[in-house]
Novice: 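Below is one structure. I have some questions about it.
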Amino acid sequence: MDIKVSVREAPGHAYVVELSGEIDVYTSPKVKDAITELIDRGHYNLVINLGNVRYIDSTGLGVLIGGLKRVREHGGSVNLVCTNPQIKKIFDITGLVKIFGIFDDEDSAMKALV
Amino acid sequence: MDIKVSVREAPGHAYVVELSGEIDVYTSPKVKDAITELIDRGHYNLVINLGNVRYIDSTGLGVLIGGLKRVREHGGSVNLVCTNPQIKKIFDITGLVKIFGIFDDEDSAMKALV
Amino acid sequence: MTQTTAGVVELRIPRRAEWVAVARLAVAAVANRLRFSIEEIEDVKLAVAEACTTCILQTDAGDQIEIYCETKEDGLTVRVRSLAGADQPSPLPAEPEPDARGALGIFLIQSLMDSVKHNAGRGTDLVMTKKVSE
Amino acid sequence: MTQTTAGVVELRIPRRAEWVAVARLAVAAVANRLRFSIEEIEDVKLAVAEACTTCILQTDAGDQIEIYCETKEDGLTVRVRSLAGADQPSPLPAEPEPDARGALGIFLIQSLMDSVKHNAGRGTDLVMTKKVSE
Ligand SMILES: Nc1ncnc2c1ncn2[C@@H]1O[C@H](COP(=O)(O)OP(=O)(O)O)[C@@H](O)[C@H]1O
Ligand SMILES: Nc1ncnc2c1ncn2[C@@H]1O[C@H](COP(=O)(O)OP(=O)(O)O)[C@@H](O)[C@H]1O
């Protein structure tokens, strides 16, 4: 019922935002803050790892979409790591699968950034 | 939110009742039926394995106590396998730890039967 | 079986973001009583949570959210509405929000449930159903 | 912090054994909003479930169980009572059961919570509190 956010630098000027827990109307502001801070500091190539996210709602999707819009303004991009079938389904249903790169592991998500 | 009950014969005329899930006012009749059937068939040395039980309430305890009373009338006994600290605590609080043999694994529970 | 699946469960939570998790878990537990698959239970959970989020994002919608679940052998109906608590005056009629806020949530509810009805009136009032598959 | 932990959550379930799991999970979710430890949350869960079981084991106690939770920064108060639904006549006053049925449940509630009060009257009506430790 909570979210853990951890941010770390990866080789090649990319940043990984690792989320674990549930992203909902209560916890998504915390996710938004972490992403906004990275972007404000000039980091526009992000991998957001949803590997340990059990649940995401529309506010969580909204935060990811918002992040993507901002990094694109600077020529950057956001790749997601997601294996949970229920969460993948949400990206399918909403068509967001077409605007995010979605990968099974961090390595592939990272390589696809460049 | 459900209980799985599986019964199997063990060496030395003992029977193991393996429970997994939650034992509450809704599911305990199922547990009671399994134990009653064993006793009706003349099996009085039982190991009840609570290793995969996440939750037990007073009706579940009542079923275990009822089983113990009946096998004792025939010189038998009931040993429990239990490692979950929350469930151990319930046996402590109610003092049932003094009337049941409680063991960390099935082997020890089985050996202590004889 | 009808005996074990037909029933009404009512839940009221404060109309605040931190309580939506309670609605989500309670509704998942209700759905679990029916013959829904795990995926269907997740669908119901998200749909009800989105309805609660809709209640929260609206202004002037009272201080509570009521989640009314009616279970039958073959499916579940959930009504989610914002309402004023007993100790608070009735909310003013809510103006529909001009921006797209919540559109994604409503879209998800429509996608995950078999039917959704929006009752007109102040605040949010959504009635959604999901049938057990097969 | 007060903003995120003070609140009232009300839940009504059918007075039948198969619905107690819903109360249990909802109350665990409510307790999870406070600074309770996992062990304390399990305590609250079991105590509330035992109170629901008490409602169910009594005869003539209406067709619903109401679980009323009030959370504060420093703890939780839960009132569990049996009540007649709107579409059913009021239950007759219940005779106290002569056997020991439910004694173990009441004992567990007393052990797991900081205080329990039994309101006199028909049916079951238990008010229990638990404070957050430290
Ligand atoms: N299927 C979609 N594909 C791409 N963008 C979307 C989709 N659905 C919503 N959006 C956009 O995502 C953002 C967040 O949407 P939403 O959560 O509905 O509202 P809000 O803008 O209030 O957060 C908005 O900018 C919206 O235009
Ligand atoms: N702490 C205890 N130690 C031993 N036996 C107990 C204890 N508490 C209750 N019992 C016995 O366990 C059985 C079940 O108890 P309980 O669930 O309270 O009522 P019921 O008899 O209606 O199932 C009863 O026979 C009761 O006497």
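The chains referred to below are lettered A, B, ... by the order of the sequence lines, with proteins before strands, and numbering in each begins at 1.
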Novice: I'd like to know if A:D24 and C:R24 make a salt bridge, using a cut-off of under 4.0 Å between side-chain N and carboxylate O.
Specialist: yes
Novice: Please report the shortest heavy-atom distance between C:A17 and A:Y26, naming the atom on each side.
Specialist: O-CB, 3.4 Å
Novice: Can you tell me how far apart CD (A:E22) and CG (C:L25) are? Round to the nearest 0.5 Å.
Specialist: 7.0 Å
Novice: Against chain A, label C:I38 side chain, backbone, both or neither, depending on which of its atoms sit under 4.5 Å from a heavy atom there.
Specialist: neither
Novice: Which one of C:L46, C:L108, C:V20 satisfies the side chain to side chain contact (heavy atoms under 4.5 Å, CB included) criterion with A:D57?
Specialist: C:L46
Novice: CD1/A:I90 to CG/C:L104 distance, rounded to the nearest 0.5 angstrom?
Specialist: 9.5 Å
Novice: Is atom NE2 of A:H13 surrounded by more than 12 heavy atoms (other residues, nucleotides or ligands) closer than 6.0 Å?
Specialist: no
Novice: Taking it one step at a time, do C:E42 and A:K89 satisfy salt bridge (charged side-chain N to carboxylate O under 4.0 Å, His left out)?
Specialist: CA-CA 11 Å; C:E42 287 298 318; A:K89 184 174 114 177; over 6 Å; no
Novice: Any donor-acceptor pair under 3.5 Å linking the side chain of C:E50 with the backbone of A:S58?
Specialist: yes
Novice: Can you confirm whether more than 12 heavy atoms, excluding those of C:K72, are under 6.0 Å from its NZ atom?
Specialist: no
